[in-house]
*Asks:* 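Let me give you the structure first, and then I'll get to my questions.
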Amino acid sequence: MQAAPFEKEYDFVIVGSGLGGLACALILAMENYSVIVLEKNHQIGGHLQVYSRGKSIFDTGVHYVGSLDKGENLYQFFKYFGIFDQLKLKRLDEEFDVIRFEDGSEYAYTQGFEAFATKLISYFPDEAEAINKYCEKILEVCSKFPLYNLEISTEGYYMESEMLTINAHDYIASLTNNVRLRNVLAGSNLLYAGSRHKTPFYVHALIMKSYLSGAYKFIDGGSQIAIQFSRAIRQRGGLIVKHKKAVSANYHDNGLVKEVVLENGEVVRGKQFISNVHPAVTIDIFGEDRFLNIYKNRIQGLENTVSTFLVHVTFHEKSFKYLNHNIYFHDTDNVWDTVDYEQASWPQTSFICTPYISKTGDYADSMSIMCYMKASETAKWEQTFSTIAEPGQRDEEYKAFKRQKEEQVVNKIESVFPGIKSKIKAVHSATPLTFRDYIGNKDGSMYGIMKDSVSPARTQINTKTKIPNLHLTGQNISLHGILGVTVSAFITCFPFVDKEKLIQKVKNA
């Protein structure tokens, strides 16, 4: 009797169960609205999904998270949602990120702004002024983004326009002529797929501040966030249904969305609709003819951030010690240009982490290595599709391509950890196609739409659309990442709740 849940009209129909969709559903369910979340895949959570190979658990998107020290903004949001106390967290070392270069030199990021500055000055004693100025600028920029400080602004929820046009690369370069310091300050730019000519400084600042305010790993995988959200949504009468792919919409005569149509022909009726899928895919679902050409052309023409090649290795038992910090490895003294890599030098930049698995404790069960990869590298297989919900096969050539890339990545890691190859039991990988199929964007983009300091207005996407009862949420709206997407969900929900009271609830949580 699968049709039963869809006989009623819901206050909110939410398409996509990524963090943005789940957060909107919980905010609205806590305000006593009826909500249903539709997910096309077998697993909820978008980038929060995990998968297992052998007996090892791997995160697809969330490898660590910031702003979780007591009283910090994400801590407060999770407290408000009632999920914080259920999360299994491990705080990273005080030196939580290490920026490493090919010559073997390493520079640690330390939790907390004062400690961060002090540590950097110990590496670059002649650059104290530049380092302090950099830290002050981050705090200044973050203070201009009200919701990140749990404040409501009369001017709106977005930053002042002059803040949006500061370019991250150019600002950092303006502080110092020391090339190595510039590269250290931008050394974790894999967190936002930093582009020399486009990435705005506010993206860099909000993300840096977040991780300096309490960096944590999720014990046994990040999917627990999605699990706790779904539990809380269901406790408040909300519904989450999987294997339900929205393919189109039907409209009332007055131009409002009446219902979404699922791939199996079922329809789900609602008063309001929220799309947590990429805005370009949203246009496909809700009908190109319903959007103004100027809007449609802008959205469909926006550049997405680069995709990723993610390698997971599992270790022989007790062969490799768990690392309670992350490593950003660059074999170049130009960390901004590795997004536009040349094949011959790939991978120039990699993010390396060991998930914390409770049963193996001091020893790493596995390691994840993330490298940039352009969608064009897997374009010849773009007509293929493969998920648990919709199984499909890719050919031997694709598998050989993956094996070759895995080998290149493992060889790179061997240069960071000599002898690591002998400790590896198995290697698995995910390509841009894997991310495209599971996340539901068109090219496997890591962080959705690329923000652009040259024309910021073009890449700012409003939660409201020209269809009065269709709204947007997710990583393309405010900022990607757990904190950015959570903030975006609040912005999406503000038209339906008393926003002052809602933010007060978050503060009081």
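None of these values were measured; they are calculated from a predicted model. Residue indices begin at 1 and follow the sequence shown.
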*Asks:* Does some side-chain heavy atom of Leu479 sit less than 4.5 Å from a side-chain heavy atom of Val487?
*Replies:*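 Counting from C-beta outward, Val487 and Leu479 never come under 4.5 Å.
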*Asks:* Looking only at heavy atoms, what is the nearest atom pair of Pro456 and Ser453, with distance?
*Replies:*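 Smallest interatomic distance, heavy atoms only, reads CD-O, 3.6 Å.
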*Asks:* Does any part of the side chain of Glu9, heavy atoms only, come nearer than 4.5 Å to the side chain of Lys271, both counted from C-beta?
*Replies:*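 Yes - at least one pair of side-chain heavy atoms lies under 4.5 Å apart.
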*Asks:* Looking at Trp346, is Lys405 sitting on its ring face, NZ or CZ under 6.0 Å from the six-membered ring centre and within 45 degrees of the normal?
*Replies:*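 Yes, Lys405 lies over the aromatic ring of Trp346.
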*Asks:* Test Tyr216 against Leu92 for side chain to side chain contact (heavy atoms under 4.5 Å, CB included), laying out the working first.
*Replies:* CA-CA 5 Å; Tyr216 290 75; Leu92 293 180; 5.8 Å; no
*Asks:* Looking only at heavy atoms, which two atoms of Ala509 and Gln76 are closest? And how far apart?
*Replies:*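 Nearest heavy atoms, Ala509 then Gln76: O-NE2, 3.6 Å.
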*Asks:* Backbone N or O of Ser17 within a donor-acceptor pair of the Glu39 side chain at under 3.5 Å?
*Replies:*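 It does hold such a pair.
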*Asks:* Could you measure the distance from the CG atom of Leu150 to the NZ atom of Lys505? Nearest 0.5 Å is fine.
*Replies:*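 If we round to the nearest 0.5 Å, Leu150:CG and Lys505:NZ are 15.0 Å apart.
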*Asks:* Would Ile482 and Phe78 count as a side chain to side chain contact (heavy atoms under 4.5 Å, CB included) if you check the C-alpha gap in whole Å, the side-chain angles of each, and the deciding distance to 0.1 Å?
*Replies:* CA-CA 11 Å; Ile482 301 255; Phe78 280 178; 3.8 Å; yes
*Asks:* Search all heavy atoms of Thr459 against all heavy atoms of Met450 and return the closest pair with its distance.
*Replies:*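 Heavy-atom minimum between the residues: CG2-O, 3.2 Å.
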*Asks:* Would you check if the side chain of Asn149 reaches a backbone N or O of Cys142 as a donor-acceptor pair within less than 3.5 Å?
*Replies:*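 Looks like yes, one N/O pair under 3.5 Å.
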*Asks:* When you measure from the side chain of Asn73 to the backbone of Tyr148, do you find a donor-acceptor pair of N or O atoms at a distance under 3.5 Å?
*Replies:*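 Yes; judged by distance alone, with no hydrogens or angles, the pair exists.
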*Asks:* Compute whether any side-chain donor of one residue and acceptor of the other, for Ser445 and Thr305, lie under 3.5 angstrom apart.
*Replies:*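 There is such a pair between these side chains.
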*Asks:* If you compare all heavy atoms of Val261 against all heavy atoms of Asn250, which two are closest, and at what distance to 0.1 Å?
*Replies:*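 Heavy atoms of Val261 and Asn250 come nearest at CG2-ND2, 3.5 Å.
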*Asks:* Heavy atoms, side chains only, cut-off 4.5 Å: are Asn326 and Ile352 in contact?
*Replies:*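 Not in contact.
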*Asks:* Kindly assign one of parallel, tilted or perpendicular to the pair Tyr295 and Phe291, based on the angle between their ring planes and the thresholds 30° and 60°.
*Replies:*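 The arrangement is parallel - the two ring planes meet at less than 30°.
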*Asks:* Looking only at atom types and distance, does a side-chain atom of Asp437 sit under 3.5 Å from a main-chain N or O of Phe385, one as donor and one as acceptor?
*Replies:*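 Not confirmed, Asp437 side chain does not pair with Phe385 backbone.
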*Asks:* Parallel, tilted or perpendicular: which fits the ring planes of His42 and His243, with parallel below 30° and perpendicular above 60°?
*Replies:*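 Perpendicular: the ring planes of His42 and His243 meet at over 60°.
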*Asks:* Set out, in order, the CA-CA distance, both residues' side-chain angles and the distance that settles side chain to side chain contact (heavy atoms under 4.5 Å, CB included) for Thr384 and Tyr398, then state yes or no.
*Replies:* CA-CA 11 Å; Thr384 64; Tyr398 175 75; over 6 Å; no
*Asks:* Side-chain contact test, heavy atoms from C-beta onward, threshold under 4.5 Å: evaluate it for Ile240 versus Phe229 and give yes or no.
*Replies:*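 The answer is no; the side chains never approach within 4.5 Å.
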*Asks:* When you check the gap from the basic side-chain N to the acidic O, do Glu382 and Arg436 get nearer than 4.0 Å?
*Replies:*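 No salt bridge links Glu382 with Arg436.
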*Asks:* Checking Lys374 against Tyr341: charged group under 6.0 Å from the ring centre and within 45 degrees of the axis?
*Replies:*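 So Lys374 does make the cation-pi contact.
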*Asks:* Between Asn189 and Trp336, is any side-chain donor less than 3.5 angstrom from a side-chain acceptor?
*Replies:*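 Note: Asn189 and Trp336 side chains miss the donor-acceptor criterion.
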*Asks:* Is Thr354 reaching over with its side chain to a backbone N or O of Leu323, donor-acceptor style, under 3.5 angstrom?
*Replies:*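 Checked: pair present.
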*Asks:* Which of parallel (below 30°), tilted (30 to 60°) and perpendicular (above 60°) describes Phe84 and Tyr75?
*Replies:*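 Answer is perpendicular, since the angle exceeds 60°.
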*Asks:* Evaluate the ring planes of Phe490 and Phe77, with Trp represented by its six-membered ring, and classify them as parallel (under 30°), tilted (30 to 60°) or perpendicular (over 60°).
*Replies:*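 Plane angle between 30° and 60°, so tilted.
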*Asks:* Quick check against the 3.5 Å criterion: does Tyr192 have a side-chain atom that pairs as donor or acceptor with the backbone of Gly481?
*Replies:*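 No: the side chain of Tyr192 does not pair with the backbone of Gly481.
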*Asks:* Once the angle between the rings of Tyr33 and Phe496 is folded into 0 to 90°, is it parallel (under 30°), tilted (30 to 60°) or perpendicular (over 60°)?
*Replies:*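 Perpendicular: the ring planes of Tyr33 and Phe496 meet at over 60°.
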*Asks:* If we ignore hydrogens and angles and just use 3.5 Å, is the side chain of Lys296 paired with the main-chain N or O of Ile283 as donor and acceptor?
*Replies:*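 Not a single qualifying donor-acceptor pair exists.
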*Asks:* Tell me, do Phe81 and Met30 make a side-chain contact under 4.5 Å, heavy atoms counted?
*Replies:*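 SC-SC contact between Phe81 and Met30 confirmed.
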*Asks:* For the atom pair CG (Leu22) and CD1 (Ile225), what is the distance rounded to the nearest 0.5 Å?
*Replies:*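 It comes to 10.0 Å.
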*Asks:* Walk me through whether Thr492 and Ile27 qualify under side chain to side chain contact (heavy atoms under 4.5 Å, CB included).
*Replies:* CA-CA 10 Å; Thr492 301; Ile27 292 165; over 6 Å; no
*Asks:* Could you tell me whether Arg403 and Glu406 have a side-chain N and a carboxylate O separated by less than 4.0 Å?
*Replies:*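 No, no charged N to carboxylate O under 4.0 Å.
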*Asks:* Without swapping roles, check the side chain of Ser350 against the backbone of Cys371 for a donor-acceptor pair under 3.5 Å.
*Replies:*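 Answer holds: no.
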*Asks:* Could you give the distance from CG (Asn41) to CD1 (Ile439), rounded to the nearest 0.5 Å?
*Replies:*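 Rounded to the nearest 0.5 Å, the CG-CD1 separation comes out at 8.0 Å.
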*Asks:* To the closest 0.5 Å, what do you measure between OG1 (Thr338) and CD (Gln348)?
*Replies:*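 That separation rounds to 6.5 Å.
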*Asks:* Please tell me if the side chains of Cys493 and His471 come closer than 4.5 Å, counting only heavy atoms from C-beta onward.
*Replies:*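 They are not in contact (no side-chain heavy atoms under 4.5 Å apart), so the answer is no.
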*Asks:* side-chain hydrogen bond (donor to acceptor under 3.5 Å, both in side chains), that's the test. Do Ser67 and Ser210 meet it? Break it down for me.
*Replies:* CA-CA 5 Å; Ser67 291; Ser210 168; 3.3 Å; yes
*Asks:* Does the Arg269 side chain pair with the main chain of Glu7, one donor and one acceptor, at a distance under 3.5 Å?
*Replies:*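 Yes, because the side chain of Arg269 sits within donor-acceptor range (under 3.5 Å) of the backbone of Glu7.
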*Asks:* Is the CD atom of Glu342 crowded by more than 12 outside heavy atoms at less than 6.0 Å?
*Replies:*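 No.
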*Asks:* Inspect the contact between Lys507 and Glu151 and indicate whether a charged nitrogen and a carboxylate oxygen are less than 4.0 angstrom apart.
*Replies:*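 Yes, this pair counts.
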*Asks:* Below 30° counts as parallel, above 60° as perpendicular, anything between as tilted: where do the rings of Phe286 and Phe273 land?
*Replies:*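 Phe286 and Phe273: perpendicular rings.
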*Asks:* With the side chain counted from C-beta on, respond yes when Asp11 and Leu28 share a heavy-atom pair under 4.5 Å apart, and no when they do not.
*Replies:*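 A side-chain contact under 4.5 Å is absent here.
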*Asks:* Looking at Arg298 and Arg458, would you say the former's side chain and the latter's main chain have a donor-acceptor pair under 3.5 Å?
*Replies:*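 Yes, Arg298 side chain to Arg458 backbone: donor-acceptor pair under 3.5 Å.
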*Asks:* Determine whether more than 12 heavy atoms belonging to other residues, nucleotides or ligands lie under 6.0 Å from atom NZ of Lys501.
*Replies:*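 For Lys501, atom NZ is not crowded (no more than 12 foreign heavy atoms under 6.0 Å).
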*Asks:* Please give me the minimum heavy-atom distance between Pro468 and Gly255, naming the atom from each residue.
*Replies:*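 Heavy atoms only, the tightest pair is CD-O, 4.4 Å.
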*Asks:* Going through the checks in order, is the side-chain hydrogen bond (donor to acceptor under 3.5 Å, both in side chains) test met by Glu266 and Asn264?
*Replies:* CA-CA 6 Å; Glu266 292 173 317; Asn264 64 3; 2.8 Å; yes
*Asks:* Inspect the contact between Asp220 and Lys88 and indicate whether a charged nitrogen and a carboxylate oxygen are less than 4.0 angstrom apart.
*Replies:*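 Salt bridge between Lys88 and Asp220, a charged N being under 4.0 Å from a carboxylate O: yes.
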*Asks:* Between Gln408 and Gln404, do the side chains contain an N or O donor and an N or O acceptor separated by less than 3.5 Å?
*Replies:*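 Gln408 vs Gln404: donor-acceptor pair found between side chains.
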*Asks:* Check each of Val339, Asp337, Asp340, Val335 against Arg196 using the side-chain contact (heavy atoms from CB on, under 4.5 Å) test, and report the only one that passes.
*Replies:*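 Testing each of Val339, Asp337, Asp340, Val335 against Arg196, the sole residue satisfying side-chain contact (heavy atoms from CB on, under 4.5 Å) is Asp337.
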*Asks:* Of Cys24, Ser478, Ser275, which meets side-chain contact (heavy atoms from CB on, under 4.5 Å) against Thr473?
*Replies:*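 Going through the options one by one, the only one that passes is Cys24.
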*Asks:* To the closest 0.5 Å, what do you measure between CE (Met208) and CG (Leu191)?
*Replies:*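 Those atoms lie 9.0 Å apart.
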*Asks:* Does NZ or CZ of Lys90 lie under 6.0 Å from the centre of the six-membered ring of Tyr356, at an angle within 45° of the ring axis?
*Replies:*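 That pair qualifies as a cation-pi contact.
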*Asks:* Are more than 12 heavy atoms, taken from residues, nucleotides or ligands other than Gln300, located less than 6.0 Å from that residue's CD atom?
*Replies:*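 Atom CD in Gln300 is packed in, count exceeds 12.
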*Asks:* Show the nearest heavy-atom pair for residues Ala375 and Asp443, with the distance to one decimal.
*Replies:*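 Nearest pair, atom of Ala375 first, then Asp443: CB-O, 3.5 Å.
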*Asks:* Does any non-hydrogen side-chain atom of His278 lie less than 4.5 Å from one of Lys442?
*Replies:*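 They are not in side-chain contact.
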